Amino acid sequence: MLYLHGVFAGYGDRVVLRGIELGVGKGLAVVLGPNGAGKTTLLRVCCGVLKPFKGSVTVNGVDIYASPHVKSLVSYLPHNPGLLEDVTALNNLLFYARIYGLSEAEAVKRVRELAELLEAEDLLEKKVKVLSRGQKKRIALIRALMHNPQVLLLDEPTDGLDPLIARKVREFVKSVSKELCIAYTSHNMYEASEIAESVIAIDRGEVVFRGTVDELKNMLGEIVIGFEVRGPREKVEEVFKSLGYEPQYKDFIWIVRVRSEDEVSTIVSELVKNGIKVLRVKEAETSLELFLERLRGRK
Amino acid sequence: MRGLVRAYIARLKWDMKTIILYAIGLILSLTVVPIIVVNIAPSSVHFVSRQQYEQFLEIVKRILGSEQEVPLEVFGSVLGVLNIAFMGAIAPSAISTITLGQLIYRDKVEGVFEVLLSGPISKRDLILALLTYTLLTALVVQVLVIGLLLSLSTTTIAVLWLYLSVRLYFIKLVLALVPSVTVLSSLLTAMFSLPIAVEPRRNPLLVLPALAVVMIYIAYLFNPAVDPLQLALYIAIACVVCSTILIALMPRVIREEWLIR
């Protein structure tokens with residue numbers, strides 16, 4: 001559906017993507033990479049925002065830079081939601097609907113359907129500037145799906161959201177992934193292994209890994225997870241040790257190495273069972289770095 | 001392209017309340033603030049003002065084309081009419097340039113342009129839609145401000161006409177000057193706003209609107225006794241030339257990466 005052929009792209013004289021060859025079909029592909037690896041640039045090139053220096057991008061076989069009308073099939077959710085701050089959420093959506101040639105009645109109907117799915121009905125009449133980051137993301141998701149695209153490009157859609165909202169967004173994206181071709185960037189290995197059907201890892205502007213989640217897990221070996229909890233320190237340590245882990249306590253966060261996300265669920269249940277409140281579970285950055293180090297070493 | 005222009009016109013309607021508030025602020029700043037400044041200004045400011053006032057008196061005498069003695073307060077009123085017309089057009093233009101520039105810059109930072117460019121539109125379409133939007137916004141502000149100031153001016157002229165049978169020339173002057181300055185300064189506002197918002201430090205387009213101002217000064221240097229009606233014409237020509245060059249160059253000069261963060 002979406003293909004990149006020998007793409008070199010960047011900003012001014014700075015080359016960010018170096019000869020990317022990639023094809024993404026229906027389903028959810030997570031694009032993994034550390035900050036500055038070229039994830040955002042890759043999405044910008046894919047949606048027609050940033051013309052590559054060299055190479056081409058095709059959707060259903062048509063070059064999007066030669067035939068810009070094909071861009072209607074693609075939808076892009078940038079890191080910032082792309083909403084007009086002084087305008088209500090609904091008017092923002094109508095603003096974008098006009099660009100895709102949707103009539104007002106058609107757009108309102110579609111917006112209401114999506115708002116119901118994303119539990120955002122009560123946000124529509126509010127001005128964007130009063131909405132929280134998570135609420136803005138939900139409105140931006142409605143905007144991205146309003147015109148029924150075939151390709152959905154999401155740039156770190158859960159970054160900066162609280163865990164509950166982030167989970168809702170992930171679940172929603174997963175629920176629509178059967179019908180669409182989705183590329184979802186993240187620097188979170190845990191998130192990738194939780195939702196992805198396939199994984200693409202980018203490092204220094206090059207694709208360094210392409211495979212399934214299982215292949216990723218095998219490559220990964222371990223995931224480093226940070227637990228932010230509220231409870232007596234000795235008790236928390238005891239729970240971790242009873243499950244066979246050797247936890248480290250650093251900056252109020254318990255660091256534990258696990259082999260799969262199933263283990264994370266077990267740990268959380270056990271902590272809760274012992275009366276410890278789990279505030280936050282986050283994959284430590286080191287996992288991705290370790291993974292890339294291994295790939296570089298193998299190369 | 002049509003959809004995008006329609007979207008931006010709709011946006012103008014949503015922004016109308018802000019625009020009206022902004023126009024009221026401008027009217028107040030153009031009327032109340034100068035009165036306060038004059039009343040609290042130090043004597044040196046009064047001295048400079050007096051000198052300028054006398055220079056303007058000379059110009060007005062030349063316009064009248066006679067050496068007849070006319071009461072100072074009448075000249076003062078004529079001067080006021082002209083000054084208000086110019087100030088009414090140029091000051092809001094400068095302020096709205098900054099405001100519109102900020103608005104466009106905020107859209108850029110919030111990722112609005114990134115989303116728009118990912119849709120079925122080109123960079124050229126986006127730039128032309130932005131120019132339409134800024135031009136319309138500037139015009140609305142200008143018309144609101146000028147409308148009020150023009151009615152003040154017209155009243156003053158009517159009083160003058162009755163009082164001194166001032167030549168029809170003044171009416172022509174104000175009627176010709178005010179609308180042309182309004183429209184043209186709006187055009188300049190729109191032209192300035194976009195380059196200011198998009199990579200101001202690296203944008204060569206910023207130089208071009210400044211040329212319009214330089215051209216007026218050049219015209220004045222070559223012909224210090226320029227007739228104000230002729231000056232209005234020079235302003236018009238300068239603005240049209242610079243705006244045309246800008247419109248032609250803008251889609252080419254502004255790079256994609258300047259529109260995204």
Side-chain angles (χ1 to χ4, degrees), chain A residues 9-12 14 16 40-41 43-52 64-65 67-88 90-92 94-104 127-129 136 140 143-144 146-147 149 151-153 155, chain B residues 1-22 99-100 102-126 128-130 132-133 137 199 201-203 251-261:
Chain A
Y11 309 91
R14 192 163 62 93
V16 179
T40 301
T41 308
L43 293 196
R44 282 175 173 167
V45 168
C46 289
C47 69
V49 168
L50 190 70
K51 199 173 177 178
I64 61 165
Y65 290 94
S67 315
H69 67 273
V70 187
K71 291 201 279 177
S72 300
L73 303 175
V74 184
S75 197
Y76 173 46
L77 180 70
H79 194 258
N80 280 331
L83 300 170
L84 310 169
E85 288 281 303
D86 287 323
V87 179
T88 65
L90 182 63
N91 279 339
N92 256 286
L94 293 177
F95 173 80
Y96 285 110
R98 283 185 181 92
I99 290 149
Y100 288 96
L102 296 176
S103 73
E104 193 166 326
K127 280 198 175 179
V128 167
K129 64 182 173 193
K136 283 182 190 173
R143 195 268 310 146
M146 194 168 53
H147 63 286
V151 179
L152 182 61
L153 308 167
D155 194 5
Chain B
M1 170 66 184
R2 207 186 298 161
L4 186 63
V5 173
R6 268 176 50 219
Y8 265 100
I9 290 172
R11 182 177 178 182
L12 187 66
K13 278 191 266 172
W14 301 324
D15 289 345
M16 197 56 82
K17 198 175 132 194
T18 320
I19 291 167
I20 291 170
L21 284 173
Y22 162 57
T99 312
L100 278 170
Q102 278 174 341
L103 191 94
I104 294 169
Y105 181 72
R106 200 164 67 173
D107 280 1
K108 173 184 156 177
V109 171
E110 288 300 323
V112 175
F113 296 159
E114 213 171 332
V115 173
L116 286 172
L117 285 171
S118 71
I121 54 158
S122 64
K123 181 186 73 173
R124 189 179 157 275
D125 293 343
L126 176 61
L128 292 180
L130 282 171
T132 312
Y133 170 73
T137 313
E199 287 291 329
R201 281 172 301 171
R202 289 191 289 162
N203 201 330
R252 282 183 205 146
V253 173
I254 292 179
R255 298 190 205 150
E256 274 103 346
E257 67 242 39
W258 290 358
L259 292 166
I260 54 182
R261 208 174 157 203

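Convention: sequence-line order gives letters A, B, ...; per-chain numbering from 1. A quick note: this is a predicted structure, and the numbers were derived from the prediction, not measured.
Annotation: the span from A:Y65 atom OH to A:K71 atom NZ amounts to 7.0 Å, rounded to 0.5 Å. A distance of 11.0 Å separates CD in B:E114 from NE2 in A:H79, rounded to the nearest 0.5 Å.
In this structure, the side chains of B:R106 and A:D86 come closer than 4.5 Å at one or more pairs of heavy atoms. Looking only at side-chain heavy atoms (C-beta outward), A:R98 and A:E104 come within less than 4.5 Å of each other.
Contact annotation for A:I99: both backbone and side-chain heavy atoms come within less than 4.5 Å of a heavy atom of chain B. Of the two parts of A:V74, only the backbone, made up of N, CA, C and O, holds a non-hydrogen atom closer than 4.5 Å to a non-hydrogen atom of chain B. At a 4.5 Å heavy-atom cutoff, the contact between B:R6 and chain A is made by backbone and side-chain atoms alike.
Ranked by heavy-atom pairs under 4.5 Å with chain B, the list A:G101, A:P149, A:G82, A:C46 is led by A:G82. When the candidates B:V5, B:L117, B:V112 are compared by the number of heavy-atom contacts under 4.5 Å with chain A, B:V112 comes out ahead. Between chain B and the residues A:P78, A:A140, A:P68, A:A144, the largest count of heavy-atom pairs under 4.5 Å involves A:P78. Interface remark: of the candidates A:L84, A:V87, A:L94, A:L84 forms the most heavy-atom pairs closer than 4.5 Å to chain B.
Ring pair B:Y8/B:Y133 is tilted by interplanar angle, where 30° to 60° counts as tilted.
When atom types are taken as modelled, the side chain of A:H147 and the backbone of A:L102 share no donor-acceptor pair closer than 3.5 angstrom.
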